[in-house]
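As structure tokens, the structure follows; a few thoughts come after it.
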Number of protein chains: 2
Amino acid sequence: MDSIDLRLIELLRENARSSYAELARKVGLSAPAVHERVGKLEAAGTIQGYRAEVDHEALGLGVTALIGIIEDSGADTDDVLAALRAMPEVESCYFMAGVESYQLTVRVGSIAELEQLIVRINRTPGVASTRTAIALSTKWENRPQPHLG
Amino acid sequence: MDSIDLRLIELLRENARSSYAELARKVGLSAPAVHERVGKLEAAGTIQGYRAEVDHEALGLGVTALIGIIEDSGADTDDVLAALRAMPEVESCYFMAGVESYQLTVRVGSIAELEQLIVRINRTPGVASTRTAIALSTKWENRPQPHLG
DNA sequence: GGCGCAGGTCGATGGAGTCCATACTGAAGA
DNA sequence: TCTTCAGTATGGACTCCATCGACCTGCGCC
């Protein structure tokens, strides 16, 4: 993991579809060398995958909300997590310090669907209560943090 | 925007580095046809970009936190946003309904850096107060929502 | 019907991906 | 100092992909 690896990661965070040849030109190596480095970063789990970023609104998922969950005392955390994972609307899930054990990012098509989702989460065994905040607009998301090296 | 476009988007959300030839095989079209469709989706802004997903811990950004911000009455929202955008640690920023005007996702290397970041945000003109919750672990993030079509 | 358009296939070709053998480089040990 | 060895880069070769142009097809509309 040297500065060239960090540069490759930064380039791939900006545009994951860059060709190896292009990456090679930018970091000053040959394409096979870049290919091998990226392969090792993937194998090591440093690069976990490549994702297209989409306009959720255009795909009918215009409502974004953040939901905090307070667990029942004595709830089975694995069961709660499994139930949340089974809900495709739940895009991200963090296990938090504090009163609210989980913080979710969810995407749905309408406020009505959000209501249904909240009801479903509240009915999940182990969930004591939820707190929902609706995002009126997304200023930015998943902005890659530039490297200082 | 038909079901083939949706399928292409889904495939690219799973693996943004798929070749056009591979996408073509999976959707049952020729590679040039896929190339044209993806180009149109990009031009329309439906596909906004392609990002590598990284292991933040491996890159020295092992601390993730969510910060809610309450604005001063009479704060200039644009100035607050510009100040937040200038902080590279702020990965995502939503404008929210509710008491807390903004909800941030931030990534830093240590609790000490988080403390400094919170201080900096609180000192930002227009910011009345903040509320920070620390993520102990990330269960999942940016999970692509499968399409129903 | 004939026309034009949107969107598809096919074929060609230049460039990219990827495997392999070889050469370089830096560190450890005789 | 010289040798060796591991790690990593390079260059060549071959395959596959990206991408352009030419042509085909189905459909709505004069």
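Values reported hereafter were calculated over all heavy atoms of this structure, with side chains retained and with hydrogens, waters and symmetry mates removed.
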Next on the checklist: Expressed as a whole number of angstroms, how long is the span from E22(A):CD to dG15(C):C1'?
Outcome noted: 13 Å
Next on the checklist: For a quick test of reading the model: is some side-chain N or O of H35(A) closer than 4.0 Å to OP1 or OP2 of dT18(C)?
Outcome noted: yes
Next on the checklist: If the cut-off is 4.0 Å, is K40(B) near the phosphate of dA6(C), judged by side-chain N/O to OP1 or OP2?
Outcome noted: no
Item to check | Per S19(A) side chain, nearest of listed nucleotides dC20(D), dC19(C), dA16(C) | outcome: dA16(C)
Item to check | K139(B) NZ/CZ over Y94(A) ring centroid, <6.0 Å and within 45° of normal | outcome: no
Checklist entry - On DNA chain D, nearest-nucleotide positions of R17(A) versus E36(A): which is more 5'? => result E36(A)
Checklist entry - M1(A) has an atom CE; how far is it from atom P of dT8(D), in whole Å? => result 12 Å
Next on the checklist: Could you walk me through whether V127(A) and E71(A) satisfy the side chain to side chain contact (heavy atoms under 4.5 Å, CB included) test, starting with their C-alpha distance in whole Å, then the side-chain angles of each, then the deciding distance to 0.1 Å, before giving a yes or no?
Outcome noted: CA-CA 5 Å; V127(A) 170; E71(A) 267 185 331; 6.0 Å; no
Checklist outcome for this item: Closest of dT10(D), dG8(C), dA16(C) to the A33(A) side chain is dT10(D)
Next on the checklist: Which nucleotide wins on minimum distance to the side chain of R37(A), given the candidates dC17(D), dC20(D), dA9(D)?
Outcome noted: dA9(D)
Checklist entry - Looking at Y20(A), is R17(B) sitting on its ring face, NZ or CZ under 6.0 Å from the six-membered ring centre and within 45 degrees of the normal? => result yes
Checklist entry - Taking NZ, NE, NH1 and NH2 as the nitrogens, is one of them in E91(A) or R107(A) under 4.0 Å from a carboxylate oxygen of the other? => result yes
Checklist entry - From dG11(C), dG8(C), dA18(D), pick the nucleotide closest to the side chain of Y20(B)? => result dA18(D)
